[in-house]
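Contents: one structure, followed by commentary.
By convention in this document, chain letters (A, B, ...) are assigned in the order of the sequence lines, proteins followed by strands, and residues within each chain are numbered from 1.
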Protein chains: 2
Amino acid sequence: MVKDVKEILKNNSLSITGSREKILGLFLEQPGALAHGDIEKRAGEKFDRVTVYRTLQTFVEKGIIHTIPTADNSIRYALCKDDCKEGHHHDHHVHFVCTKCSITYCLDDVVTPELKLPKGYTSSHIEVVAEGICKNCK
Amino acid sequence: MVKDVKEILKNNSLSITGSREKILGLFLEQPGALAHGDIEKRAGEKFDRVTVYRTLQTFVEKGIIHTIPTADNSIRYALCKDDCKEGHHHDHHVHFVCTKCSITYCLDDVVTPELKLPKGYTSSHIEVVAEGICKNCK
DNA sequence: AAAGATTTTGCAACTATGTTGCTTTTTGTT
DNA sequence: AACAAAAAGCAACATAGTTGCAAAATCTTT
């Protein structure tokens, strides 16, 4: 079930380091998205804040994770599906934030709907975030 | 065209002060949304940062403005339509961020689409942010 | 397997952003 | 005009995020 962390790093031509293994491991072992703060907490204060920032940034650049904008304005990160390549994300799915447990889910099966924009507007990307109660909390 | 700032404040039972008049004026005199930083800059460094924060907070509570989550994770504020009441917002429209001029628009006529969520999920609020080129920049 | 080049980490310092408590000033009310 | 209530301003603090640089770890080459 759990994909090999080292494998993923190698495939993205990243050197295998302790922090990268641990941080990537955190993403693999749980369903929701993680905010920067979550990672620092769950990792047990092992590494520096700066390292977390830089690692997340690297993962985003490589297309391993993607960012999710949330209403409360904290950036969250979640694993990308395999069709994300370096510098080119394809996360055209809807995100769901549970107001009870505050877990953020990627609803990979729910595709972002088409929008009829007013004349003159052209959209290249549409972000949809739904808020409510998730299946575990109802 | 420009609504009376004092009128709006009175209608929301807010005392009329210099900062509130100026900040509300900024929102009325331009089409897009404003971030906290924009307000501090455009106001010409007249008042304290804290005042801006508290004024914006008051306006949000009263339903005069609403917040817009953006991809770059900076909160933006925009005027609410008249059907927003104290503590109860109705901003069920789509927001549009221009990648060129980075102005954020409220597309009041574009209603947030319905979503078919997976079983077990119930959404109370859906936020849609489209990114692209606006009518002035194309 | 060791040496050297390259990355990554961790530290310190700094900037930006946002919050809280308290005093002074302004506003609304009588 | 006088008083009570609310808002503004100030200082101090808290959190988030960035940058430069030296030390440590990783990768590569032999």
Please report, rounded to the nearest Å, how far the [atom2] atom of [N] is from the [atom1] atom of [X].
X: A:Lys62; N: C:dT8; atom1: NZ; atom2: C1'; value: 14 Å
X: A:Lys6; N: D:dT26; atom1: NZ; atom2: C1'; value: 13 Å
X: A:Arg20; N: D:dT26; atom1: CZ; atom2: C1'; value: 10 Å
X: B:Ile75; N: C:dT19; atom1: CD1; atom2: P; value: 8 Å
X: B:Asp48; N: C:dT26; atom1: CG; atom2: P; value: 15 Å
X: A:Asn12; N: D:dC27; atom1: CG; atom2: P; value: 14 Å
X: A:Glu21; N: C:dT8; atom1: CD; atom2: C1'; value: 14 Å
X: A:Leu14; N: D:dA25; atom1: CG; atom2: C1'; value: 15 Å

Original post:
Do A:Ser19 and A:Arg54 get their side chains close enough for a donor-acceptor pair, meaning under 3.5 Å?
Top reply: no
**OP:** With sequence neighbours excluded, tell me which residues meet ring pair (Phe, Tyr, Trp, His ring centres under 6.0 Å) with A:Tyr77.
**Re:**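 Testing A:Tyr77 for ring pair (Phe, Tyr, Trp, His ring centres under 6.0 Å), a comparison that skips the adjacent residues, returns none.
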**OP:** Sequence neighbours left out, what passes ring pair (Phe, Tyr, Trp, His ring centres under 6.0 Å) with B:Tyr121? Give chain and number order.
**Re:** A:Phe96, A:Tyr105
Subject >> Test side-chain contact (heavy atoms from CB on, under 4.5 Å) applied to A:Leu34 and A:Leu79, A:Leu26, A:Ile23, the passing residue >> reply: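 Testing each of A:Leu79, A:Leu26, A:Ile23 against A:Leu34, the sole residue satisfying side-chain contact (heavy atoms from CB on, under 4.5 Å) is A:Leu26.
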**OP:** Between A:His36 and A:Ser15, just flag the one whose closest nucleotide in DNA chain D comes earlier from the 5' side.
**Re:**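 Result of the comparison: A:His36.
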Subject >> B:Ile16 vs B:Gly37, nearer the 5' end of DNA chain C by closest nucleotide >> reply: B:Gly37
**OP:** Please evaluate the base of C:dG18 for a donor-acceptor partner in the side chain of B:Arg49 within a cut-off of under 3.5 Å?
**Re:** yes
**OP:** With sequence neighbours left out, write down each residue that passes salt bridge (charged side-chain N to carboxylate O under 4.0 Å, His left out) with A:Asp48, or none if nothing qualifies.
**Re:** none
**OP:** Taking salt bridge (charged side-chain N to carboxylate O under 4.0 Å, His left out) as the test, write out the residues that go with B:Asp38, two or more places apart.
**Re:**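 Residues passing salt bridge (charged side-chain N to carboxylate O under 4.0 Å, His left out) with B:Asp38: none at all.
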Original post:
Roughly how far, to the nearest 0.5 Å, is CG of A:Leu24 from CG of A:Asp4?
Top reply: 9.5 Å
**OP:** Please round to the nearest 0.5 Å and tell me the distance separating atom NZ of B:Lys62 and atom CG of B:Asn11.
**Re:**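 Atom-to-atom, B:Lys62:NZ and B:Asn11:CG are 11.5 Å apart.
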Subject >> C:dT8 phosphate, OP1 or OP2, under 4.0 Å from A:Thr17 side-chain N/O >> reply: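 False: A:Thr17 side-chain N/O out of range (4.0 Å or more) of C:dT8 OP1/OP2.
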**OP:** Determine the minimum heavy-atom distance between B:Ile133 and B:Lys138, stating which atoms define it.
**Re:** CG2-N, 3.6 Å
Subject >> Helical bend (five base pairs per end, nearest 10°) for the helix from C:dA1-D:dT30 to C:dT30-D:dA1 >> reply: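 Axis angle across the helix from C:dA1-D:dT30 to C:dT30-D:dA1, nearest 10°: 30°.
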Original post:
What residues in residues 50-58 of chain A put a non-hydrogen atom under 4.0 Å from any atom of DNA chain D?
Top reply: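 Only A:Val50, A:Tyr53, A:Arg54 qualify.
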